[in-house]
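Working notes for the structure below.
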There are 2 protein chains.
Amino acid sequence: MTKTDTLPPIAHPAREEITVEGVLRALADPVRLAIVRQLAATGQEIACGGLTVPVTKSTLTHHLGILRQAGVVAGRQEGTTRFNSLRRNDLDALFPGLLDGVLAAPR
Amino acid sequence: MTKTDTLPPIAHPAREEITVEGVLRALADPVRLAIVRQLAATGQEIACGGLTVPVTKSTLTHHLGILRQAGVVAGRQEGTTRFNSLRRNDLDALFPGLLDGVLAAPR
DNA sequence: GTCGTAGTTCGACAGTCACCGTACTACGCC
DNA sequence: GGCGTAGTACGGTGACTGTCGAACTACGAC
C-alpha cells in the first residue's frame with residue numbers, strides 16, 4: 001500500500017539490537033564522547049546546532065549517525081531541526097553502570 | 001647508579017594515567033573484549049597461550065599491548081611465560097560500574 | 001650444547017574511519 | 001515566489017588499525 005503508514009523518519013535500532021561493542025566503539029571517540037557528555041549534562045534534547053563540537057556540520061552529522069546506529073542517541077525531527085537525546089533508559093537497562101561509569105570519569 | 005633498582009620489565013600506565021577514552025577504545029574490539037571477558041571470568045592470570053582467540057600469536061601480542069597501554073590489563077613475566085591479569089581495582093576505582101556493565105552485557 | 005616452546009618485533013597490506021568541502025533537500029518566513 | 005537556515009548526502013583524502021607471516025630473542029629441558 002502506498003499510504004503513509006507510520007512512516008518512520010529516522011531509523012534507530014531496537015533495544016535488543018544494541019550491542020556492547022557497538023556502544024563502546026561509538027563512545028571511543030573524543031567528539032562523540034563530548035556529544036554524549038553534553039546530552040547527559042543537560043538531560044534534555046539538543047539540536048545539532050546546539051552541540052558544541054570542534055568539527056564541521058557534515059562531520060557532526062557523521063558522528064551523530066554513528067551514535068544513532070549504535071543506539072546511544074535518538075533523533076526526533078521537528079521541522080528542519082533535529083533534536084538528539086540520550087537513550088539512557090535503554091543503555092541503563094542493557095548495560096547497567098556503563099554509562100554512569102563513563103560519564104563520571106574525569107577524563 | 002647502575003644497580004638493578006626495581007627494574008620494571010613491562011611498562012604500565014599509572015592509575016592516574018588511565019583515560020576513559022583509552023579504555024573504551026581498547027574494549028571496542030571483539031578480540032580484546034574476548035580477552036577481557038576470559039580474564040574476568042576466571043578472575044586469575046592467564047598466559048598468552050591460554051587465551052582462546054581466533055588470531056595468530058603476533059596479532060594477540062598486538063592486542064595485549066593495546067590493552068596494557070590503555071591500563072586494562074597488567075602483565076607479569078615469569079620465565080618465557082607472560083601472565084596477564086585484569087586491572088580490576090584500578091578500573092573500578094576510576095570508572096565505577098563501567099567494567100561490570102560491559103561484562104554483564106549478553107552481547 | 002641443542003632443541004623446542006613462549007612470546008615479541010618487524011615490515012607489509014587491506015580495510016576502516018575521521019575529516020572536509022560542496023551540493024543538495026526541506027522547512028519557515030518575508 | 002524568493003530567500004535564509006538546518007541538516008543530510010556525496011565524493012575524496014589522509015591517517016589509523018587489524019591482520020598476517022617470517023624472523024628473532026629468551027628461557028627451560030634433555
### Message
Need one value for A:Thr81: base, sugar-phosphate or nothing, where a base atom within 4.0 Å counts as base even if backbone is also close, heavy atoms only.
### Response
sugar-phosphate

### Task
Measure the distance from CD on A:Glu21 to C1' on C:dT16 and round it to the nearest whole Å.
13 Å

### Task
Under 4.0 Å between any heavy atoms, over every strand shown, what does B:Leu60 touch: base, sugar-phosphate, or nothing? Just pick one.
nothing

### Task
Using heavy atoms to find the nearest nucleotide of DNA chain C for A:Thr56 and A:Arg25 separately, return the residue whose nucleotide is more 5′.
A:Arg25

### Message
Tell me if the side-chain of B:Thr59 makes a donor-acceptor pair with the base of D:dG18, cut-off 3.5 Å, by modelled atom types.
### Response
no

### Message
Heavy atoms from C-beta onward define the side chain here; which of C:dC19, C:dC20, D:dG21 lies closest to that of A:Val31?
### Response
C:dC19

### From C:dT9, D:dG7, D:dC10, nucleotide with atom closest to A:Ala47 side chain
D:dG7

#### Entry: For atom CG of B:Asp29 and atom P of D:dT17, their distance in whole Å
11 Å

### Interatomic distance where CD belongs to B:Gln69 and P belongs to C:dT8 [whole Å]
13 Å

### Query
Start at the 5' end of DNA chain D and walk down; is the nucleotide closest to B:Val55 or to A:Cys48 reached first?
A:Cys48

### Message
Looking at B:Arg25, is its backbone amide N or carbonyl O close enough to the side chain of B:Arg32 to form a donor-acceptor pair, meaning the two atoms are under 3.5 Å apart?
### Response
yes

### Query
Do B:His12 side-chain atoms and B:Gly71 backbone N/O form a donor-acceptor pair below 3.5 Å?
no

### Query
So, is B:His63 close to the D:dT17 phosphate, meaning a side-chain N or O under 4.0 Å from OP1 or OP2?
no

### Query
Rounded to whole angstrom units, what separation is found between the CD atom of A:Glu78 and the P atom of D:dG7?
12 Å

### B:Arg76 CZ - C:dG7 C1' separation (whole Å)
15 Å

#### Entry: salt_bridge(B:Arg76, B:Glu78) N-O dist < 4.0 Å
yes

### Which residue lies more 5' along DNA chain C, comparing A:Lys57 with A:Ile66 via nearest heavy atoms
A:Ile66

### Query
Given atom CZ of B:Arg82 and atom C1' of D:dA26, what is their separation to the nearest angstrom?
13 Å

### Query
Given D:dG18, C:dG21, D:dT8, which nucleotide is nearest the side-chain atoms of B:Arg32?
D:dG18

### Query
What is the distance from NE2 of A:His62 to C1' of D:dG12, rounded to the nearest Å?
14 Å

### Query
Between atom CD1 in B:Ile46 and atom C1' in C:dG7, what is the gap in whole Å?
16 Å

### Task
Using modelled atom types only, decide if a donor and an acceptor are shared between the side chain of A:Thr59 and the backbone of A:Val55 within a distance under 3.5 Å.
no

#### Entry: Pair B:Asp92 + B:Arg87, salt bridge at N-O below 4.0 Å
no

### Query
Would you say the base of D:dG7 and the side-chain of A:Thr80 have a donor-acceptor pair closer than 3.5 Å?
no

